[in-house]
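Just below is one structure, and these are the notes that go with it.
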Amino acid sequence: MFCARHVFRCFKWLERAGDRVTGAAGPYFVGLAVILQAIGAASFFTVIQPSLPLRWLTTPPCVLIALNLFTHYYYVCTVPPGFVQGEVLQPGSGRLWASPSQRPSTGARWSNHGITLLAASTTMCRRCGLMRPERAHHCRICGRCVMKYDHHCPVNLPAGINQCVGLNNERHFVLFMAYLVLSTFFLSILGYSQALEAVGLTYSNDWPYMVPELAYVLTYMLSVVICIAVLIMLCWHLWGIARGETTVEAQDHEIYKRIAKDRGDNFVNSFDLGRSANLRLFFNIGPDGYPWYTLILPLRIMPYTDGHSWARREGFQRHQGIQEGEELTDDDDDDDNT
C-alpha cells in the first residue's frame with residue numbers, strides 16, 4: 001500500500017510537470033501552427049490554383065475556405081473561453097459580427113420553439129474556491145474554472161491554440177477543424193499531379209513554381225496526414241455535440257451509466273435534446289439564433305446561453321439515474337488525500 005501510494009504520487013507529479021511544460025510551450029506551438037498554415041496556403045495558391053479550370057469560378061470558394069481557416073483560428077486563439085470569474089462576453093456591432101435572427105435577451109438567448117432553458121445549479125470548486133455553474137470545470141493549466149469546459153489545447157498541431165476550449169470559443173474550434181479538413185482535402189486531391197511532378201515521377205523536368213519542390217512535397221505529405229487526423233478529431237467532436245455532451249462530460253457519463261445500471265436504473269443526459277436540436281444550439285442557428293450563412297462566412301456570433309442556464313429535455317431538471325451528490329467533480333490535487 002505504501003509503495004502504491006508513492007507510485008501514484010509520482011505519476012501525479014509527472015502529470016503536473018507535463019501541464020507546466022505544455023502551458024509554457026503553448027505560444028511557440030501557436031506560432032508554428034500559423035507558419036504551417038501559411039506555407040500550406042502559399043503552396044495551394046501558387047502551385048495548384050493557377051492550374052485549376054474555370055479559375056473565375058473555382059477561385060472564390062478556395063479563397064473563402066482559406067479565409068474561414070485563418071479567421072476561425074484567430075478567433076479560437078483570442079476569444080476567451082468563458083472563465084467563471086471573468087468578463088461576460090458581449091455582442092459586438094462591427095462588420096465581423098453577424099446579426100441575430102431576433103434581438104438576444106440577457107442571459108439565455110433561446111426561449112421559444114420548444115427549447116426549455118433552466119437555471120444551472122452551482123457548486124464550489126475545490127481548487128479555486130469559486131462558486132461555478134453547472135458544466136463548468138477547473139483547468140489545471142490555466143488555473144481557472146471554465147464554463148462548459150471541453151479541454152485545454154496547447155499542442156495539438158496544427159490546431160494548438162494555447163488556451164481552453166469552452167463556451168465562448170468552442171464553435172470557432174469546431175469550424176476551424178472543419179475548414180482545416182476541407183483545405184487539406186482539396187490540397188491533397190487537387191495537388192496530386194504536382195506532387196508526382198515534384199518527386200520526378202513524370203516526364204516533365206520543369207518546375208515553374210515559386211515554392212521549392214522539396215517544400216511542396218513535404219507540405220503535400222503533411223496535408224494528407226493532417227486531413228486524416230483532424231477528420232477523426234472533427235467526427236469525434238461532432239458526435240459529442242450531437243449527443244449534447246463535451247469531451248469531459250462524455251467521460252463522466254460513462255461512469256454515470258455504470259452507477260445507474262448498478263442500481264437498476266438508466267442514465268439519461270438531460271442536456272441531450274436530440275441530434276438536430278443539439279447541433280442547432282451548438283452552432284446557434286435557427287429562428288432564435290443566427291442565420292445559416294454564419295457557418296460559411298467567418299463571422300462572430302454569441303453562444304445560445306451565457307453559461308448560467310442550459311437547455312434541457314422537456315420534463316427534466318437534472319440527469320436521470322444520478323442522485324444529488326453523485327456528480328463527479330474535478331480531481332483534487334491534494335496529495336495528502338491520496
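All residue numbers in this chain count up from 1 along the given sequence. Note that the structure is a prediction, hence the values are computed from the model and not measured.
- Side-chain heavy atoms closer than 4.5 Å link hydrophobic residues (I, L, V, M, F, W, Y) into clusters, and following such links, possibly through other members, connects Leu190 to Val47.
- Aromatic rings from His319 and Phe271 are positioned such that their centres are separated by under 6.0 Å.
- Annotation: side chain of Asn278 is in contact with side chain of Asp272 (closest heavy-atom distance under 4.5 Å).
- Ring geometry for Phe173 versus His151: interplanar angle over 60°, hence perpendicular rather than tilted (30 to 60°).
- Hydrophobic cluster membership differs between Ile39 and Ile65, with clusters built from Ile, Leu, Val, Met, Phe, Trp and Tyr side chains linked at under 4.5 angstrom.
- Between atom NZ of residue Lys261 and atom NZ of residue Lys257 there is a gap of 11.0 Å, rounded to the nearest 0.5 Å.
- Contact annotation: the side chain of His137 never approaches that of Cys145 to less than 4.5 Å [non-hydrogen atoms, C-beta and beyond].
- Contact annotation: the side chain of Arg313 approaches that of Val268 to within less than 4.5 Å [non-hydrogen atoms, C-beta and beyond].
- The environment of Met221 atom CE is sparse: at most 12 non-hydrogen atoms of other residues, nucleotides or ligands sit within 6.0 angstrom.
- Cation-pi contact between Arg171 and Phe282: absent, since separation from the ring centre below 6.0 Å together with deviation from the ring axis within 45° is not met.
- Leu231 has its side chain out of reach of Phe185: every pair of non-hydrogen atoms, C-beta onward, lies at least 4.5 Å apart.
- Between Phe176 and His72, the distance from one ring center to the other does not fall under 6.0 angstrom.
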From CA spacing to verdict: side chain to side chain contact (heavy atoms under 4.5 Å, CB included), Leu297, Leu64: CA-CA 8 Å; Leu297 295 179; Leu64 182 61; 4.1 Å; yes

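- Rounding to the nearest 0.5 Å places CD of Glu170 at 12.5 Å from SG of Cys164.
- Cluster membership check: Leu96 does not share its hydrophobic cluster with Val76, using side-chain heavy-atom separations under 4.5 Å among Ile, Leu, Val, Met, Phe, Trp and Tyr.
- The minimum heavy-atom distance between Leu222 and Leu36, with the atom names listed, is CD2-CD2, 4.0 Å.
- The side-chain heavy atoms of Tyr74 and His172, taken from C-beta on, include no pair separated by under 4.5 Å.
- Proximity of Cys62 to Phe45: side-chain heavy atoms (C-beta onward) are separated by under 4.5 Å at one or more points.
- When all heavy atoms of Tyr290 and Met302 are compared, the pair lying nearest together is OH-N, 3.3 Å.
- Contact check for Tyr304 versus Trp310: side-chain heavy atoms found under the 4.5 Å cut-off.
- What you find for Ala98 and Thr294 is that their closest heavy atoms are CB-CG2, 3.6 Å.
- Here Ile48 contributes atom CD1 and Thr58 contributes atom OG1; the two are 12.0 Å apart, rounded to the nearest 0.5 Å.
- How far CG of Leu130 is from OG1 of Thr123: 10.5 Å, rounded to the nearest 0.5 Å.
- Between the OG atom in Ser121 and the CZ atom in Arg135 there is a gap of 11.5 Å [rounded to 0.5 Å].
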Step-by-step side chain to side chain contact (heavy atoms under 4.5 Å, CB included) determination, Tyr179 to Phe70: CA-CA 9 Å; Tyr179 283 103; Phe70 284 102; over 6 Å; no

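- Cluster membership check: Ile285 shares its hydrophobic cluster with Ile241, using side-chain heavy-atom separations under 4.5 Å among Ile, Leu, Val, Met, Phe, Trp and Tyr.
- Pairing each heavy atom of Ser183 with each of Leu69, the nearest pair is OG-CD2, 3.9 Å.
- Aromatic ring centroids of Trp207 and Tyr216 lie under 6.0 Å apart.
- With a 4.5 Å cut-off on side-chain heavy atoms, Gln317 and Leu118 count as touching.
- Nearest approach of Gln163 to Pro80, heavy atoms of both residues: OE1-CA, 4.1 Å.
- With hydrogens and angles disregarded, no donor-acceptor distance shorter than 3.5 Å links the side chain of Glu197 to the backbone of Gln194.
- For the pairing with Met147, the side-chain contact (heavy atoms from CB on, under 4.5 Å) check across Leu89, Val84, Thr305 returns one residue only, Val84.
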Intermediate values then yes/no, salt bridge (Lys or Arg N to Asp or Glu O under 4.0 Å), Glu134 and Arg312: CA-CA 12 Å; Glu134 203 171 358; Arg312 294 187 185 272; 2.4 Å; yes

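- Hydrophobic clustering keeps Leu279 apart from Trp239 (ILVMFWY residues linked when any side-chain heavy atoms are closer than 4.5 Å, directly or through intermediates).
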Intermediate values then yes/no, side chain to side chain contact (heavy atoms under 4.5 Å, CB included), Gln320 and Tyr256: CA-CA 10 Å; Gln320 176 182 304; Tyr256 293 162; over 6 Å; no

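- Within a 6.0 Å radius of CZ in Arg263, more than 12 heavy atoms belonging to other residues, nucleotides or ligands are found.
- For the pair Arg300 and Tyr75, the distance from NZ or CZ to the six-membered ring centre is under 6.0 Å and the angle to the ring normal is within 45 degrees.
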Residue pair Arg140, Arg127: steps toward the side chain to side chain contact (heavy atoms under 4.5 Å, CB included) verdict: CA-CA 9 Å; Arg140 293 177 304 191; Arg127 296 186 179 182; 2.6 Å; yes

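- When only modelled atom types and interatomic distance are considered, Thr59 and Gln49 share a side-chain donor-acceptor pair under 3.5 Å.
- Counting non-hydrogen atoms of neighbouring residues, nucleotides and ligands closer than 6.0 angstrom, the CH2 atom of Trp236 reaches no more than 12 such neighbours.
- Asn284 contributes no side-chain N or O that, together with a main-chain N or O of Ile301, makes up a donor-acceptor pair within less than 3.5 Å.
- What you find for Leu187 and Ser223 is that their closest heavy atoms are CD2-OG, 3.6 Å.
- With hydrogens and angles disregarded, a donor-acceptor distance shorter than 3.5 Å links the side chain of Asp150 to the backbone of Thr247.
- In this structure, CD1 on Ile259 lies 4.5 Å from CD1 on Ile322, to the nearest 0.5 angstrom.
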